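Reviewing the structure listed below.
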Amino acid sequence: MKNEKDLLRSILSAMLALFMILVAPIESMAQTAASRNKLLEGGTQMVIRINDGFDPANKTEAGTINAVVETDVYSADGTQVLVKAGTPAYIEYTAEPNGTWGKEGKLCLTSAFTKTIDNKQVPLRLGSCKNGGSKLGGVIVLSVLFFPIGLLSGLMKGSMPKIAKGSTFNASVMQDVVVN
């Protein structure tokens, strides 16, 4: 009788262990699939459009530029919109000012951020730098042709780059963001 109880317990334990092995991965896969419709994955691409033209000529050396998300951005499984088109976005920039002797200015759009439909901040990566126009050639020519008065052309500055209204930039999500 005792051997039969031990055998029954062994069989029952083996069946329970087999059941746990088979069912547990299915349950975790179901939870993973369910959470993918609320996941904005890192690396997801989105297009950002500048609202107004931007001229850094009289701006500070760092700041933000107002923009909007151009198109809807979907969840990892593609079933749900997590960032709607038209959502405000803010692009962070750094500017190297133009200088004397025709040195051009430089504007780098380093990063950006926007918000999801539930107001969570989404950090974005941008990697775009623009150079203004250099006037070094003109300064050299004027300095040589009209020496010594031409040396005053060294006061001539290069230009700063401008970003036209409606310009678009590709950005990618820096990290996973779970939306509720």
Side-chain angles (χ1 to χ4, degrees), residues 24-137 139 156-180:
I26 293 171
E27 182 180 324
S28 67
M29 287 186 337
Q31 288 175 350
T32 303
S35 66
R36 288 185 57 82
N37 72 347
K38 301 212 183 263
L39 176 67
L40 181 57
E41 280 186 315
T44 301
Q45 297 290 311
M46 67 175 67
V47 178
I48 297 176
R49 180 177 33 87
I50 302 290
N51 282 342
D52 301 316
F54 181 74
D55 183 3
N58 295 321
K59 305 284 187 207
T60 60
E61 291 184 12
T64 58
I65 303 170
N66 294 330
V68 293
V69 176
E70 183 74 11
T71 58
D72 289 340
V73 180
Y74 289 89
S75 60
D77 67 354
T79 60
Q80 204 173 28
V81 175
L82 299 181
V83 179
K84 291 187 177 188
T87 301
Y90 303 94
I91 300 173
E92 296 173 348
Y93 72 89
T94 57
E96 290 180 23
N98 52 347
T100 56
W101 293 100
K103 180 184 177 258
E104 78 271 4
K106 184 176 184 179
L107 178 68
C108 289
L109 306 177
T110 54
S111 60
F113 58 93
T114 189
K115 296 201 179 224
T116 60
I117 55 173
D118 69 342
N119 250 2
K120 285 190 180 170
Q121 188 164 320
V122 179
L124 303 171
R125 180 178 299 118
L126 285 169
S128 178
C129 286
K130 290 184 153 199
N131 290 328
S134 173
K135 295 183 180 170
L136 182 60
V139 169
M156 189 177 356
K157 290 185 171 189
S159 64
M160 288 296 289
K162 294 180 175 113
I163 301 175
K165 179 180 180 177
S167 296
T168 58
F169 296 94
N170 292 327
S172 61
V173 177
M174 284 190 192
Q175 63 193 30
D176 290 353
V177 177
V178 178
V179 177
N180 296 327

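Along the sequence shown, residues are numbered consecutively beginning with 1. Every value quoted in this text rests on a predicted model; they were computed, and no experiment measured them.
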Next item on the list: Show the numbers, then the answer: is there a side-chain contact (heavy atoms from CB on, under 4.5 Å) between Leu109 and Ile65?
Entry: CA-CA 9 Å; Leu109 306 177; Ile65 303 170; 3.8 Å; yes
Give, for atom [atom1] of [X] and atom [atom2] of [Y], the distance between the pair rounded to the nearest 0.5 Å.
| X | Y | atom1 | atom2 | value |
| --- | --- | --- | --- | --- |
| Leu124 | Met46 | CG | CE | 5.0 Å |
| Ile48 | Tyr90 | CD1 | OH | 12.0 Å |
| Met174 | Thr44 | CE | OG1 | 13.5 Å |
| Ile91 | Thr114 | CD1 | OG1 | 10.5 Å |

Next item on the list: Begin with the C-alpha distance, continue with both residues' side-chain angles, and end with the deciding distance and a verdict on side-chain hydrogen bond (donor to acceptor under 3.5 Å, both in side chains) for Glu92 and Ser111.
Entry: CA-CA 5 Å; Glu92 296 173 348; Ser111 60; 2.7 Å; yes
Check: Do side-chain atoms of Lys120 reach the backbone of Val178 as a donor and acceptor pair under 3.5 angstrom?
Finding: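 Present.
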Identify the heavy atoms of [X] and [Y] that sit nearest to each other, and give their distance.
| X | Y | result |
| --- | --- | --- |
| Tyr74 | Leu40 | O-CD1, 4.0 Å |
| Ser172 | Gly43 | CB-O, 4.1 Å |
| Gln45 | Asn170 | OE1-CB, 4.3 Å |
| Lys38 | Ser75 | N-CB, 4.3 Å |
| Ile50 | Ala164 | CB-O, 4.4 Å |

Margin query: My understanding is that only one of Val122, Asn119, Thr116 makes a side-chain contact (heavy atoms from CB on, under 4.5 Å) with Val179; could you say which?
Written below: Thr116
Item checked: Thr87 vs Val68, side-chain contact (heavy atoms from CB on, under 4.5 Å): CA-CA, chis, key distance, verdict -> CA-CA 5 Å; Thr87 301; Val68 293; over 6 Å; no
Notebook entry, point to check: Is Val173 close to Glu41 at the side-chain level, that is, under 4.5 Å between some pair of heavy atoms?
Noted result: no
Margin query: Within the structure provided, determine whether Val83 and Ile117 are in side-chain contact (heavy-atom separation under 4.5 Å).
Written below: no
